Amino acid sequence: MNKIRVRIAPSPSGNLHIGTARTALFNYLFAKKHNGDFILRIEDTDLERSNEAYTQNIYDSLKALGLNWNEGPDVGGDYGPYQQSERFDIYPKYAQKLIDEGYAYECFCTQEELDKEKEESIKNKKPHKYSGKCRNLSEEEKNELKAKGIKPSIRFKVPQEGEIGFEDLVKGELKVNLDTIGDFVIMKSNGTPTYNFAVVIDDMEMKISHIIRGEDHISNTYKQILIYKALKAQIPKFGHLGMILAPDRSKLSKRHGATAVSEFVEKGYLTDALINFVALLGWSPTDGNEIKNVDEIAQDFRISEVSSSNSIFEYDKLNWMNGQYIKKMEIPKLVEKIKPFLSKYNLSELTQQQLEKMVEITREPLTLLSDITDEVNYFFGGKNVEIEENVKNDVLNMEVSQKVLKDILDNRIDNWHFDDEEKLHDELADLRTYFKEKEGIKPKQTMWALRAAVTGKTHGADLVAVLGILGYDNVKARIKSAIN
RNA sequence: GCCCCCAUCGUCUAGAGGCCUAGGACAACACCCUUUCACGGUGUAGACAGGGAUUCGAAUUCCCUUGGGGGUACCA
């Protein structure tokens, strides 16, 4: 059996879209599962909309998601070039071959004529497709048109009888009547290939065995199979995935929030969580455990079991999943990911060790990495801390709070072990019991006072750990200034 | 208009004729845990779009309707 070869062929007219990422993922999973190759081809035929920066973004995003390719523009391979703009010279000869063998013909219709034709058929409520007007032009007529300076396009001659179909990897048998497909252009009059022609030639030359893509390509597939047949090339297997829709069931677009993988990253999503979440749109694990990395998913992946319906992209579960990944990620790694969201602070105030500890104790409630920004302000600023307005009134100024803080400052803090969590933990417990027994102050209240003075907030990370990171000097100073 | 695809809780899904009184996850709600916020745990509520047909029996097969999506370019 020939080796399985799949590809992802994005066009660099924008940053890598989350939908493209999912298509890439399913291709990657399929290749991985069957020990095949995953190929990246950049379809930059549309030179006006293509942009070098987008190509880079596609590379970066795919890599960040862990979707590494075996062949591509940057890494090369045996079937290059992998950038479509460098392949322009190979299409005309195939087009000529199709003309010579009677599968295609030159078309001299102008845009205006075409528009008019279409208008007519809409008016008559007929399905609109190209009339085939130039199908049977004589040599004489063609030469005459050429002499007028009209540059022809090349159209594929679609047989108008019977049907064309194929066995779709995810949807099963798909077919359509040939008379619904008009003769379509394969080479534009400017000499460049159209999408449907270029993909076929490229996939054929790159020996792509399976094409997995969105279902918006189903109608293209029929045309492409026609070309494969005319070329007497081996037809790859096709699989069409349902689309990802926005919550309002429309196409996912900027107005619904992030669409590019890099935008999600900027918002504080982890690529591991993103790819895991997106895999769940259409695929589900047999063992019920939804948190899985790409390799684990590949083991359990069967293309035929992928759902064939569209799915809606809802943030709730993605957010939850992102939180799960934040909770289980190794601390040093997490710290690196989180640093960009700490840019407003002077990180050199803390040692690497303190930074790691800080992340470790504050990661729990995070759903986005960016949530940490407002969570950790009190770790910075040394002896000074910003006290939230309501905290000052509702907590610090209370008589009991003042009593607690004074006691800490006068009788306890000098004996506290800031570098020994266990001891400090017990010392805080002593503090609570003392005030509970002596003054009838609720343990909760006691801790509130301390926390408010030290962090300026009423809630936050484990207090013992917070005190440990801040250290004796800072804590003492903060308590002192909290006392009226 | 024409062609094609799809249809289970709000969302993602399990379900390949009897294992279904339809299972799980997220979200919601309640309770428990707790020095705060959380995390976590336990539980509650919540769906087979509608109508026919086939069958002893249908979420599962077939047909129609409805709804949603896609395509209909010398864009990709």
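To find a chain, count down the sequence lines: A is the first, B the second, and so on, and within it residues start at 1. These values consider heavy atoms only, across backbone and side chains, with no hydrogens, waters or symmetry-generated copies. This structure is a prediction, so every number in the text was calculated from the model and none was measured.
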- Taking only residues two or more places apart in sequence, or in another chain, which ones meet A:D407 in a salt bridge (charged side-chain N to carboxylate O under 4.0 Å, His left out)? A:R412
- Note on the structure: Re B:rA28: Watson-Crick or G-U wobble partner, both distances kept under 3.5 Å, found to be B:rU44
- Query: Without hydrogens or angle criteria, can the side chains of A:N415 and A:E427 be said to hold a donor-acceptor pair below 3.5 Å?
  - Reply: no
- Task: For residues 151-192 of chain A, pull every pair meeting ring-ring contact (aromatic ring centres under 6.0 Å, His included), keeping only residues two or more places apart or in separate chains.
- Result: A:F156-A:F184, A:F166-A:Y222, A:F166-A:F238, A:F166-A:H240
- Query: Looking at residues 358-370 of chain A, who's got a heavy atom less than 4.0 Å off RNA chain B?
  - Reply: A:E364, A:P365
- For nucleotides B:rU8 and B:rG68, find the distance between their C1' atoms and express it as a whole number of Å. 15 Å
- Task: Output every pair passing salt bridge (Lys or Arg N to Asp or Glu O under 4.0 Å) with a member in residues 239-259 of chain A, not counting sequence neighbours, ordered by first then second residue.
- Result: A:D248-A:R255
- Item | Ring-base stacking, A:H128 with B:rG1 (5.5 Å, 30° cut-offs) | yes
- Please measure how far the C1' atom in B:rA16 lies from the corresponding atom in B:rC48, and state the result in whole Å. 15 Å
- Message: Over all strands shown, is A:S284 touching base, sugar-phosphate only, or nothing at heavy-atom distances under 4.0 angstrom?
- Response: sugar-phosphate
- Task: Could you please name the partner base of B:rG1, counting Watson-Crick and G-U wobble pairs only when both distances are under 3.5 Å?
- Result: B:rU72
- Go ahead and name the base partner of B:rC19; Watson-Crick or wobble counts if both distances stay under 3.5 Å, otherwise write none. none
- Query: Do the side-chain N or O atoms of A:K188 get closer than 4.0 angstrom to the phosphate oxygens (OP1, OP2) of B:rA76?
  - Reply: yes
- Message: Can you tell me the base-pairing partner of B:rU66? Count Watson-Crick or G-U wobble geometry only, both distances below 3.5 Å, and say none if there is no partner.
- Response: B:rA7
- Message: I need the CG-P distance between A:L467 and B:rU36, as an integer number of Å.
- Response: 16 Å
- Distance only, no hydrogens: is a donor on one side chain within 3.5 Å (strictly under) of an acceptor on the other, for A:Y269 and A:N319? yes
- For A:K457, report the nucleic acid contact type (base, sugar-phosphate, nothing); a contact means any heavy atom under 4.0 Å. nothing
- Treat primed atoms plus P, OP1 and OP2 as sugar-phosphate and everything else as base, then score nucleotides 26-35 of chain B 5' to 3': B for base contact with protein heavy atoms under 4.0 Å, S for sugar-phosphate contact only, - for none. SS-------B
- Message: For a quick check of understanding: with a heavy-atom distance under 4.0 Å over all strands, which category does A:N177 fall into, base, sugar-phosphate or nothing?
- Response: nothing
- Spacing of the P atoms in B:rU65 and B:rG23 (rounded, Å): 33 Å
- Task: Could you check which residues of residues 190-200 of chain A get a heavy atom under 4.0 Å from RNA chain B? Sort them by number, please.
- Result: A:T194, A:Y195
- Query: On a plain distance test, is the side chain of A:S311 in donor-acceptor contact with the base of B:rC12 below 3.5 Å?
  - Reply: no
- Query: Among all residues two or more places apart in sequence or in another chain, which pass the ring pair (Phe, Tyr, Trp, His ring centres under 6.0 Å) test with A:H425?
  - Reply: none
- A:W448: ring pair (Phe, Tyr, Trp, His ring centres under 6.0 Å) partners, not counting sequence neighbours: none
- Query: Taking only N and O in the side chain of A:Q324, is any of them less than 4.0 Å away from OP1 or OP2 of B:rG40?
  - Reply: yes
- Message: Could you tell me how far B:rU66 sits from B:rC20 if I compare only their P atoms? Round to whole Å.
- Response: 36 Å
- Between B:rC39, B:rC3, B:rC74, which one does the side chain of A:V176 approach most closely? B:rC3
- Item | Under the ring pair (Phe, Tyr, Trp, His ring centres under 6.0 Å) test, residues paired with A:Y59 that sit two or more places apart | A:W69
- Residues at least two apart in sequence or cross-chain that pass salt bridge (charged side-chain N to carboxylate O under 4.0 Å, His left out) with A:K436, listed by chain then number, are none
- If you measure only the distance, is there a donor-acceptor pair under 3.5 Å linking the side chains of A:Y105 and A:D183? yes
- Message: So A:G323, base contact, sugar-phosphate only, or nothing? Heavy-atom distance under 4.0 Å.
- Response: nothing
- Are any of A:R49's side-chain N or O atoms less than 4.0 Å away from OP1 or OP2 of B:rC75? no
- Item | Among B:rC12, B:rC37, B:rA76, the one nearest A:E43 by side-chain distance | B:rA76
- Message: I'd like to know if the side chain of A:T192 pairs up with that of A:N190 as donor and acceptor (distance under 3.5 Å, no hydrogens or angles considered).
- Response: yes
- Task: Identify whether the distance between the nearest side-chain nitrogen and carboxylate oxygen of A:D300 and A:R302 falls below 4.0 Å.
- Result: yes
- On the ring face of A:Y325, is A:K328 found with NZ or CZ under 6.0 Å from the centre and within 45° of the axis? yes
- Taking atom types as modelled, is there a side-chain donor on A:T110 or A:E113 under 3.5 Å from an acceptor on the other? yes
- Hey, is the side chain of A:K175 poking within less than 4.0 Å of OP1 or OP2 on B:rC4, counting only N and O atoms? no
Could I get a table of every N or O pair under 3.5 Å where one atom is in the protein and the other is in nucleotides 61-70 of chain B?
from: B:rG69; atom 1: OP1; to: A:R249; atom 2: O; distance (Å): 3.3
from: B:rG69; atom 1: O2'; to: A:N310; atom 2: ND2; distance (Å): 3.1

- By salt bridge (charged side-chain N to carboxylate O under 4.0 Å, His left out) - contacts of A:E141 (at least two apart): none
- Message: Nearest heavy atom decides the nucleotide; on that basis, is A:G288 or A:T180 closer to the 5' end of RNA chain B?
- Response: A:T180
